[in-house]
Amino acid sequence: MLHGRYFPELVEVMSVSAFLVGIGAVLLLVLLARLLIPRWVPSSLLWGAFVGSATLLVWQGVSQLRLVSPVLLPPPTAVISNLGLMWAVGYLQPHIIASVSRLLFACGLAVVTAIPLGILIGRFRTLSEYLGPFLEMIRMVPAPAWLPLAILWFGLGNPPTIFIIWLGAFFPIFLNTLTATRRADPVQVETVQNFGGDIFDVAWEVIIPAALPLITTGIRVGLGIGWIVLITAELASTNLVGGLGYMMEDARSLLDVPTVVSGMVVVGALGTLIDAGIRHLESRYMRRLVP
Amino acid sequence: MRGRRAAFLAAGLLLAAGWAPSAFGAELTGFVSGRRVSPVVFMLAALALGVLIQGLRVRERGLPLVRGVTTLSIFLLLWEFAVWVGLITTILLPPPTLVLQKLDALWLSGYLGWHLLSTLRRFTLSFALAVGTAFPLGVLVASIPRAFALLHPVITFVRMIPAPAWAPLSILWLGLGDPPAIFIVWLAIFFPIFLNTIRGIHDALPVYREVIRTLGGGRWDEVREATVPSALPAVLTGIRVGFGFGWVVLATAELIATDSGLGWLIHVAYTQVDSPTVLAAMTLICWTGVLLNSGLRELERRLVPW
């Protein structure tokens, strides 16, 4: 594999002047965009750009002045060039695809199982009394602690990972659906029932539209926990090849700190992106639902 | 609340049922497991438990409890039965009796208690550290105008890096052992408390502060009498959310960086394909989590009666 740690001479670390020019260019661009089309560039983005650049500059300065050893905290220039190299040689993309597909598959599974179950248990009080303590006991065991058993049950590789991500993402979605179902307007429910609707009609016409904000919150929290559990599984289980957690752990064992930090940056960026995507979908769907 | 109490009672009684044979047995089971609790004894104990709880059903509130315990008992009985007739291999899912016996043996040898204490010490330390840093910092950031708006993008980005992703870097920075584990758990607990503190303070009605000012209070009085009390419910919500995150991350942190604690025990037992110990440790984590969580809820009720 063509990678920085095997061919250190290949990693041409970006020069500090190029870094400064790059930051200046980005700031100028944002400022210009703000002046020309203020509608597209909210002031929060402007401030974000300034504070972000200031953070990067301080980080670079700390490394440049050797306040912290660059081995332990590689400067942004090293991280950026490392990211560029990993992307260019095609090392980063498979890891991203592996992690994101695992997360989305498991969370999709959690959505598909948690929402019907939440509606069912929320509609029938007796059922929740029967199942409540049981589910509570399962909920209190942290998802990563299930990993050994999951490996025994499902073998090595993807299935146990997906199982524990599903477990981690399930409960926030389930509990929020449950709460929302209990809060559903009884008059609306009875109206649907009077017109001859069964539980599916009640769920589709009343509960899901009314519960959507809470369910979406549950999905966002679930994705957050799923993201944590995913990285854990990839870090902890040596039998899983591929994925950003695996990439970071592999790099750590070789003291390739720029790759570790690059992994963190990518993980943070992807998390932000996924969260923003859900919020975008939420606001679009809400607007259509609530005229 | 009812469900939680039911879970408590069920756990306690099952524990007693599992403990009883060794307590009355002629010899103490040692570190390595000895006799298994007879499934028949276990089933009888579970049935007796059901009958006992039926007897407790004096008031109306007893019913949900009975129902919850019924499910738990049936689940445990089916589980035991499935292993007994050979539907499930013991290695893949050891029966409850074996898990209880393992729990009993490990507990009596002091091994489990030591790991539990190690986990609790680590968790308490991180938790105290997180509350002690997140709350003052939150108050500080919220009381400086525009500070949060400025910091928001950077905070959002850092928050989106899951705590376990810091593990490799924190091991490089802090070495192996307690420090990286405490750092990771601290990080997981920090953000919910920090962000909720800020939100709580921003959402507080300015009227209260103005009242204090009108009555002649200084800036410190304002913070103490108006800002903090009105933000407290949000802060406590943050603490509960943070607790949940910390509990999830702790198992991970112990698995990666340390050589003690229940998370580590699970990992080591797994490498030895000792599934009864894995389940015993999971059970203990579960009970401890339930206990701590309900303690936190009780504290919340006491602290924020409004």
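Chain letters run A, B, ... following the sequence lines, proteins first and then strands; every chain starts at 1. What you see is a predicted model, and the numbers here were worked out from it, not measured in a lab.
- Trp146(A) contributes atom CH2, which lies 7.5 Å from atom CG of Leu279(B) (distance to the nearest 0.5 angstrom).
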Problem - side chain to side chain contact (heavy atoms under 4.5 Å, CB included) between Leu93(B) and Leu152(A), intermediate numbers included - result: CA-CA 9 Å; Leu93(B) 190 65; Leu152(A) 282 176; over 6 Å; no
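- For the atom pair CZ (Phe154(A)) and CG (Leu92(B)), the distance works out to 10.5 Å, reported to the nearest 0.5 Å.
- Applying a 4.5 Å heavy-atom cutoff, the residues of residues 270-279 of chain A that approach chain B are Gly271(A), Thr272(A), Asp275(A).
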Practice task
Decide yes or no on side chain to side chain contact (heavy atoms under 4.5 Å, CB included) for Trp287(B) and Met137(A), but give the supporting numbers first.
Solution key: CA-CA 8 Å; Trp287(B) 287 341; Met137(A) 292 280 265; 3.7 Å; yes
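- For the options Leu244(A), Val266(A), Val265(A), heavy-atom pairs under 4.5 Å to chain B are most numerous at Val265(A).
- Applying the ring pair (Phe, Tyr, Trp, His ring centres under 6.0 Å) criterion to Phe124(A), with sequence neighbours excluded, gives no partner residue.
- In this structure, CZ on Arg252(A) lies 4.5 Å from CD1 on Ile171(B), to the nearest 0.5 angstrom.
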Exercise for the section: Give the intermediate values and the outcome of side chain to side chain contact (heavy atoms under 4.5 Å, CB included) for residues Leu73(A) and Trp173(B). Expected result: CA-CA 9 Å; Leu73(A) 184 68; Trp173(B) 284 351; 3.7 Å; yes
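- Here the NE2 atom belonging to His152(B) is positioned 15.5 Å from the CH2 atom belonging to Trp47(A), to the nearest 0.5 angstrom.
- With a threshold of 4.5 angstrom between heavy atoms, Val249(B) approaches chain A through side-chain atoms but not through N, CA, C or O.
- Closest approach of Leu72(A) and Leu169(B) over heavy atoms only: O-CD1, 4.1 Å.
- For chain A, no part of Val158(B) is nearby; none of its heavy atoms comes within less than 4.5 Å.
- Heavy atoms closer than 4.5 Å to chain B are found in both the backbone and the side chain of Val267(A).
- If you take CG on Leu147(A) and CD1 on Ile266(B), they are separated by 10.0 Å, rounding to the nearest 0.5 Å.
- The two atoms that bring Pro148(A) and Val278(B) nearest to each other are CB-CG1, 4.2 Å, heavy atoms only.
- The nearest pair of heavy atoms linking Leu235(A) to Pro164(B) is CD1-O, 3.0 Å.
- Looking at Leu131(A), the atoms closer than 4.5 Å to chain B (heavy atoms on both sides) sit in the backbone and in the side chain alike.
- Between the OH atom of Tyr270(B) and the CG atom of Leu149(A) there is a distance of 10.5 Å, given to the nearest 0.5 Å.
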Practice task
Might you work through the side chain to side chain contact (heavy atoms under 4.5 Å, CB included) test for Leu255(A) and Leu172(B), ending with a clear yes or no?
Solution key: CA-CA 8 Å; Leu255(A) 210 69; Leu172(B) 288 174; 3.3 Å; yes
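- Residue Ala49(A): no heavy atom, backbone or side chain, is found under 4.5 Å from chain B.
- Within the 4.5 angstrom heavy-atom criterion, only side-chain atoms of Val261(A), from C-beta onward, approach chain B.
- A side-chain contact (heavy atoms from CB on, under 4.5 Å) with Pro168(B) is found for one member of Met264(A), Met248(A), Met247(A) and no other, namely Met248(A).
- Val248(B) touches chain A through backbone and side chain together, each having a heavy atom under 4.5 Å away.
- The residue among Leu262(B), Thr156(B), Ile91(B), Val154(B) with the most heavy atom pairs within less than 4.5 Å of chain A is Val154(B).
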